Amino acid sequence: LKIPSAVILTFSPKAYILSFGDLISTGTKINPVIMKSSDPAKNWHGLISIGNGSQTTQLKNTIIKNTSSLQTENWSLTGSITVYKNKYVDIDSCVFINNSSEDFINIIHSNFSIKNTRIQSAISDAFDSDFSDGEISHSSFVDIGAIGGGDAVDISGSNLSIQSTIFTNVDDKAISVGEGSVLHGDHLTITNSG
């Protein structure tokens, strides 16, 4: 699935994108890709990329607003952006705003890079990495964990490098490192973290 610049996708409350192949959204600074709910008061179910180790997810100059996670009788996810077993996940110059699920972004068993990106207004965790290796740089996490207990970055079984990144108004931990994870941090600014 390739989404070019200046495309605006509007989703009904229970709609979502489910991809088993490459998912490429490449906007520009002037003409970003925008994904949003049809009703700002109701969230849509976001992006799900399920891979076998060969897929790539790329989000560049993409704005994603008003998301929640998929919850059905047969399938329940914690993240509104869920990426599983991708060869590589590249998130560059994106904005993620207003999330009402346990994780705004959940990357599982995938290598990733997040740079020049802002994640804002997540009611619980902003970013969750499970058994994945990657880096976050020149990014910001703002107003995280509104319902209590939310971490900006939560890693389990992962190796992560975070550089030149700002954390502001995080209810619980700016960075939670657990379950055999390794973190390298440099030039981090943390303000008003629980």
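The model shown is predicted, which means the values in this text are computed figures rather than measured ones. Each residue takes its place number in the sequence, starting with 1.
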Do the side chains of K115 and D90 get close enough for a salt bridge, i.e. N-O under 4.0 angstrom?
yes

Does either side chain, that of [X] or that of [Y], offer a donor lying less than 3.5 Å from an acceptor on the other one?
X	Y	value
T168	T191	no
T67	N99	yes
S156	E179	yes
S124	E102	no
D103	T78	yes
T82	N106	no
S54	N52	yes
T57	N86	yes
S68	H45	yes

Just wondering, do [Y] and [X] contact through their side chains at under 4.5 Å, heavy atoms?
X	Y	value
F104	I97	no
I34	L9	no
W44	M35	yes
V33	I63	no
I48	L77	yes
N169	I144	no
S139	S164	no
L18	I50	yes

Could you walk me through whether T26 and I3 pass the side-chain contact (heavy atoms from CB on, under 4.5 Å) test, one step at a time?
CA-CA 6 Å; T26 51; I3 307 169; over 6 Å; no

Going from [atom1] on [X] to [atom2] on [Y], what distance comes out if it is rounded to the nearest 0.5 angstrom?
X	Y	atom1	atom2	answer
I81	I91	CD1	CD1	8.0 Å
I64	K36	CD1	NZ	14.0 Å
D143	N192	CG	CG	9.5 Å
I136	I175	CD1	CD1	8.0 Å
N66	N98	CG	CG	4.5 Å
D130	H109	CG	NE2	8.0 Å

Tell me whether [X] contacts the main-chain N or O of [Y] through its side chain, where contact means a donor paired with an acceptor under 3.5 Å.
X	Y	value
S193	D172	yes
S110	K85	yes
D39	A41	yes
S176	K173	no

Mind checking whether [X] and [Y] sit in one hydrophobic cluster, side chains of I, L, V, M, F, W, Y counted as touching below 4.5 Å?
X	Y	answer
F131	V182	no
L183	F167	yes
Y84	I155	no
Y16	F20	yes
V7	L47	yes

Show your working on side-chain contact (heavy atoms from CB on, under 4.5 Å) between V142 and I119 and close with a plain yes or no.
CA-CA 6 Å; V142 181; I119 302 175; over 6 Å; no

Could you walk me through whether L1 and I17 pass the side-chain contact (heavy atoms from CB on, under 4.5 Å) check?
CA-CA 10 Å; L1 173 62; I17 292 176; 4.0 Å; yes

Atom of [X], atom of [Y] and distance for their closest heavy-atom approach:
X	Y	result
P40	S38	CD-O, 3.9 Å
S132	S158	O-CB, 2.8 Å
T56	D22	N-OD1, 2.8 Å
G21	S49	O-OG, 4.3 Å
G145	D171	O-CB, 3.1 Å

Is there a side-chain contact (heavy atoms from CB on, under 4.5 Å) between D151 and V170? Walk through the geometry before answering.
CA-CA 7 Å; D151 302 325; V170 180; 5.5 Å; no

Taking side-chain contact (heavy atoms from CB on, under 4.5 Å) as the criterion, tell me which of L23, I105, L59, I107 meets it with V89.
I107

Centroid-centroid distance, F112 to F127, less than 6.0 Å:
yes

